[in-house]
Enquirer: 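Below is the structure I would like to discuss, written out as structure tokens.
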Amino acid sequence: MHELAITESIVAAVTERMRDVPISRVRIEIGALSGIVADAVRFCFGPVTAGTPLEGARLEIDEPPGRMRCRRCGREFDTTDILALCGCGSAELDVLRGRELRIREVEVAG
């Protein structure tokens with residue numbers, strides 16, 4: 001499960017940046033086409049934060065849809081399907097957004 005390693009990296013990045021400051025909330029963005037299972041990150045967050053300044057912090061996850069552009073007809077459309085097809089039937093698609101993994105906000109306890 002690569003979500004465990006991803007969650008560990010998120011916690012490490014916040015801890016590195018914020019040092020020993022207690023954190024009450026972390027908001028991240030996981031794009032629908034990233035291949036990351038948001039529920040798995042949620043599941044890992046508690047155990048991974050144990051003993052860190054993020055212990056007990058609330059995790060919020062935004063899951064924006066992906067956006068594709070068809071190379072055949074030029075149409076752009078939103079999707080949550082990694083294996084999407086354009087309405088014209090083409091699978092020749094460029095991903096415009098949806099692969100993001102970002103730490104959006106960190107709230108300090110206080």
Side-chain angles (χ1 to χ4, degrees):
M1 172 171 32
H2 72 284
E3 283 81 357
L4 175 59
I6 289 167
T7 307
E8 290 171 335
S9 295
I10 291 166
V11 171
V14 172
T15 302
E16 181 180 312
R17 182 71 181 228
M18 303 303 291
R19 303 282 177 205
D20 294 326
V21 176
I23 304 301
S24 62
R25 183 177 63 91
V26 176
R27 183 173 152 234
I28 63 174
E29 179 177 275
I30 299 175
L33 306 179
S34 67
I36 301 168
V37 178
D39 283 341
V41 173
R42 283 185 189 94
F43 178 80
C44 294
F45 190 75
V48 169
T49 60
T52 74
L54 285 82
E55 186 170 6
R58 186 174 72 245
L59 177 65
E60 297 175 359
I61 301 177
D62 298 330
E63 299 178 72
R67 183 128 184 111
M68 304 274 205
R69 177 184 303 126
C70 179
R71 284 186 231 139
R72 184 180 297 165
C73 72
R75 178 176 171 244
E76 289 187 15
F77 59 95
D78 288 341
T79 185
T80 58
D81 189 355
I82 293 173
L83 300 173
L85 291 175
C86 179
C88 74
S90 175
E92 297 175 46
L93 304 171
D94 293 319
V95 177
L96 302 177
R97 71 170 182 258
R99 292 184 176 155
E100 302 84 6
L101 173 60
R102 294 186 186 122
I103 299 170
R104 301 297 289 188
E105 295 177 24
V106 174
E107 187 174 292
V108 175

Enquirer: For Ile30 and Asp62: C-alpha separation, side-chain torsions, deciding distance, then whether side-chain contact (heavy atoms from CB on, under 4.5 Å) applies.
Expert: CA-CA 6 Å; Ile30 299 175; Asp62 298 330; over 6 Å; no

Enquirer: Can you name the closest pair of heavy atoms from Phe45 and Ala57 and give their distance?
Expert: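 Looks like CE2-O, 3.4 Å.
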
Enquirer: Quick one: does Val37's side chain get under 4.5 Å of Phe43's, heavy atoms only?
Expert: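 Val37 does not reach Phe43 side chain to side chain.
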
Enquirer: Dump the intermediate steps for side-chain contact (heavy atoms from CB on, under 4.5 Å) on Ser34 and Leu101, then the final yes or no.
Expert: CA-CA 7 Å; Ser34 67; Leu101 173 60; 5.7 Å; no

Enquirer: Flag yes if Val11 and Val108 sit in one hydrophobic cluster, no otherwise; membership is Ile, Leu, Val, Met, Phe, Trp, Tyr, and two members link when side-chain heavy atoms are under 4.5 Å apart.
Expert: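 Shared cluster, yes.
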
Enquirer: With a 4.5 Å limit on heavy-atom distance, are the side chains of Ser90 and Leu85 in contact?
Expert: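 Not in contact.
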
Enquirer: Atom CZ in Arg67, atom CG in Leu33: separation rounded to 0.5 Å?
Expert: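 Answer for the CZ-CG pair, Arg67 versus Leu33, is 12.0 Å.
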
Enquirer: With a 4.5 Å limit on heavy-atom distance, are the side chains of Asp39 and Ile61 in contact?
Expert: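 Of all side-chain heavy-atom pairs linking Ile61 with Asp39, none is under 4.5 Å.
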
Enquirer: Step by step, work out the side-chain contact (heavy atoms from CB on, under 4.5 Å) result for Glu76 and Leu96.
Expert: CA-CA 9 Å; Glu76 289 187 15; Leu96 302 177; 3.6 Å; yes

Enquirer: Identify, with sequence neighbours excluded, every residue that meets side chain to side chain contact (heavy atoms under 4.5 Å, CB included) alongside Arg25.
Expert: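 So Arg25 forms a side chain to side chain contact (heavy atoms under 4.5 Å, CB included) with Arg27, Arg58, Glu60, Glu105, Glu107.
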
Enquirer: How long is the gap from CG on Leu93 to OG1 on Thr79, to the nearest 0.5 Å?
Expert: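 If I round to the nearest 0.5 Å, the distance is 9.0 Å.
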
Enquirer: Answer whether the closest heavy-atom distance between the side chains of Pro53 and Val21 falls below 4.5 Å.
Expert: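 Counting from C-beta outward, Pro53 and Val21 never come under 4.5 Å.
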
Enquirer: Compare all side-chain heavy atoms of Ile10 with those of Leu59 and state whether any distance is below 4.5 angstrom.
Expert: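 Ile10 does not reach Leu59 side chain to side chain.
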
Enquirer: Under the salt bridge (charged side-chain N to carboxylate O under 4.0 Å, His left out) rule, what do Glu63 and Arg42 come out as? Steps first, then yes or no, please.
Expert: CA-CA 13 Å; Glu63 299 178 72; Arg42 283 185 189 94; 3.6 Å; yes

Enquirer: How far apart are the closest heavy atoms of Cys70 and Cys88, and which atoms are they?
Expert: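 Shortest heavy-atom separation between Cys70 and Cys88 comes out as SG-SG, 3.8 Å.
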
Enquirer: Checking side-chain contact (heavy atoms from CB on, under 4.5 Å) for the pair Arg97/Asp78: CA distance, chi angles, key distance, verdict?
Expert: CA-CA 9 Å; Arg97 71 170 182 258; Asp78 288 341; 3.3 Å; yes

Enquirer: Using every non-hydrogen atom in the two residues, find where Cys86 and Arg75 come nearest and quote the distance to one decimal.
Expert: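 That closest heavy-atom pairing would be SG-NH1, 3.9 Å.
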
Enquirer: Distance from Asp20 atom CG to Thr15 atom OG1, nearest 0.5 Å?
Expert: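 Asp20 CG to Thr15 OG1: 8.5 Å, rounded to 0.5 Å.
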
Enquirer: Does any non-hydrogen side-chain atom of Ile28 lie less than 4.5 Å from one of Arg104?
Expert: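 The answer is no; the side chains never approach within 4.5 Å.
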
Enquirer: Within the structure provided, determine whether Arg17 and Val106 are in side-chain contact (heavy-atom separation under 4.5 Å).
Expert: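 Of all side-chain heavy-atom pairs linking Val106 with Arg17, none is under 4.5 Å.
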
Enquirer: Would you call Arg71-Asp94 a salt bridge at under 4.0 Å N-O?
Expert: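 Salt bridge present between Arg71 and Asp94.
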
